[in-house]
Number of protein chains: 2
Amino acid sequence: MARRSSADAIERATVRLFAKYGFVGVSIRDLAAEVGVSPAAIYNHTSSKEEMLWKIISRTMGDILGNAARAEAVSACPVAQLEVFMTNHVKYLAHHRGEARIGNTQWRHLTDERMQVVHDQRDQYARSLEAILSRGHSKGYFLQGSVKFASFSLVAMGLGVSQWFRSTGDHSAEEIAQIYVEFAMDLVRLDRDAHADSCPDLGHPGAEAATAPRPA
Amino acid sequence: MARRSSADAIERATVRLFAKYGFVGVSIRDLAAEVGVSPAAIYNHTSSKEEMLWKIISRTMGDILGNAARAEAVSACPVAQLEVFMTNHVKYLAHHRGEARIGNTQWRHLTDERMQVVHDQRDQYARSLEAILSRGHSKGYFLQGSVKFASFSLVAMGLGVSQWFRSTGDHSAEEIAQIYVEFAMDLVRLDRDAHADSCPDLGHPGAEAATAPRPA
DNA sequence: CCTACCGATCGGTAGG
DNA sequence: CCTACCGATCGGTAGG
């Protein structure tokens with residue numbers, strides 16, 4: 001795992017330390033020591049500490065909003081959309097644990113305008129999942145009517161993954177994502193018969209798993 | 001809402017500010033200014049800043065472990081235990097939002113031994129929920145076999161509540177707890193027939209809701 | 001409960 | 001990328 005450049009090494013150390021000790025709990029001197037340069041050298045790669053935080057958070061928010069957009073684009077069927085959304089959600093948070101922690105707990109240390117941007121993006125992410133659940137409920141695929149709370153729950157479940165996931169554990173991120181897709185389908189109360197009867201995109205990815213009778 | 005004493009006012013301000021800006025992001029001077037005393041006066045009520053953090057976290061962990069113990073004691077039936085566990089979980093986290101945030105994100109700023117205590121308590125909490133799910137699965141009430149991940153998911157869902165809940169919102173904590181109990185029963189795939197057939201504690205609290213056919 | 005202060009550390013910069 | 005340093009702020013204490 002060769003460090004390609006100081007910029008890279010600094011970015012990686014920043015994510016690791018901000019995630020562990022928080023933005024305020026990490027000094028420029030801590031970062032410099034971790035990378036093996038002088039404190040002043042950090043400022044060759046950034047204009048301020050807050051800029052480092054913003055870089056991490058804005059990239060992360062962009063990533064997950066991209067995942068959400070791809071989930072909505074994958075099919076006209078809310079079942080397929082939910083499956084892809086949840087898969088992306090869990091896999092991203094498992095593979096970007098530090099970024100997830102930072103994005104969720106450290107945005108209060110951004111300047112006011114940036115804090116507002118992040119707040120709006122979080123809102124947009126939750127609302128895009130909520131929209132999937134709403135459409136599925138309208139079509140009669142998802143019997144669960146509390147779409148707002150269901151949406152919050154599914155988002156929170158994924159954030160939980162970012163807290164305990166270890167790539168060295170018994171399950172890969174892929175396997176965990178599959179389990180969480182199953183949890184999601186149960187939580188929204190997928191009606192497999194209703195879905196099989198009127199799916200607008202027959203044969204979409206996961207349609208078989210979503211309509212086949214469940215193993216006892 | 002009269003402040004009964006400075007000690008009380010300091011404790012409340014500490015929870016509020018630690019939850020919002022983090023342990024390292026709040027200075028003794030911030031706390032003093034919030035309460036309206038001099039910085040030095042804070043030390044009439046505590047021996048150190050870390051002691052203030054420990055007081056909040058240890059009390060909170062004790063509270064939720066007590067909730068978990070009461071859930072296991074309420075009945076011999078895992079369905080009743082899960083219902084009570086989830087109700088307590090959601091209601092406590094809705095009513096102690098600041099403490100929940102602090103307990104979940106600020107324990108890294110405790111001394112090593114205290115950090116270990118909190119780590120063990122978090123483990124114990126998750127394992128007590130996991131034990132309920134395991135017993136329910138063995139008895140054939142809960143069809144979901146991924147009890148570890150289901151347990152993590154239910155804990156994370158509750159932590160989500162502590163992030164967005166407002167007592168001024170459309171739903172009371174009680175109402176939200178009921179919805180989340182429903183989510184939990186769906187996520188573990190409660191088999192209502194199996195439960196009605198062999199519940200070891202017929203007539204336990206919630207048994208009716210847990211066995212009655214679901215409204216369409 | 002206060003004023004006044006301790007040494008240490010902070011984010012950031014000057015100058016090379 | 002470095003050494004050396006700036007003013008500000010930190011947790012905590014002395015002395016009353």
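Basis for what follows: all heavy atoms, side chains included, without hydrogens, waters or symmetry-related copies. Bear in mind that the values here come from a model prediction, so they are computed numbers and not experimental data. Protein chains get the first letters and strands the later ones, always in sequence-line order, with residue 1 at the start of each.
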What nucleic acid atoms does [X] come within less than 4.0 Å of, heavy atoms only: base, sugar-phosphate, or nothing?
| X | answer |
| --- | --- |
| B:V26 | sugar-phosphate |
| A:S27 | sugar-phosphate |
| A:A40 | base |

TODO: Tell which nucleotide pairs with D:dC1, taking only Watson-Crick or G-U wobble pairs whose two distances are both under 3.5 angstrom.
DONE: C:dG16
Open item on the list: Any strand counts, and the cut-off is 3.5 Å on both contacts for Watson-Crick or G-U wobble. Which nucleotide pairs with D:dA8?
Closed with: C:dT9
TODO: For atom CG of A:D123, decide whether the heavy atoms of other residues, nucleotides or ligands shown that lie under 6.0 angstrom number more than 12.
DONE: yes
- [ ] Ignoring the backbone of B:K49, work out which of C:dT13, C:dC1, D:dG11 is nearest its side chain.
- [x] D:dG11
Open item on the list: With a 4.0 Å limit, can you tell me whether A:S48 has a side-chain N or O closer than that to the phosphate oxygens OP1/OP2 of C:dG11?
Closed with: no
Open item on the list: Students often mix this up, so state it plainly: with edges at 30° and 60°, are the rings of A:F165 and A:H95 parallel, tilted or perpendicular?
Closed with: perpendicular
Task: Exercise: do B:D63 and B:T60 side chains pair donor with acceptor under 3.5 Å - done: no
Open item on the list: For the residue pair B:Q116 / B:D120, report whether a side-chain donor-acceptor contact shorter than 3.5 Å exists.
Closed with: yes
Can you tell me the distance, in whole Å, between the [atom1] atom of [X] and the [atom2] atom of [N]?
| X | N | atom1 | atom2 | value |
| --- | --- | --- | --- | --- |
| A:I28 | C:dG12 | CD1 | P | 6 Å |
| A:Y43 | C:dA14 | OH | P | 13 Å |
| A:L53 | C:dG11 | CG | P | 13 Å |
| A:D30 | C:dC10 | CG | C1' | 10 Å |
| A:I42 | C:dT13 | CD1 | C1' | 15 Å |
| A:N44 | D:dT3 | CG | P | 13 Å |

TODO: Compare all side-chain heavy atoms of B:I56 with those of B:E11 and state whether any distance is below 4.5 angstrom.
DONE: yes
TODO: For A:R29 and for A:A41, find the nucleotide of DNA chain D with the closest heavy atom, then tell me which residue's nucleotide is more 5'.
DONE: A:A41
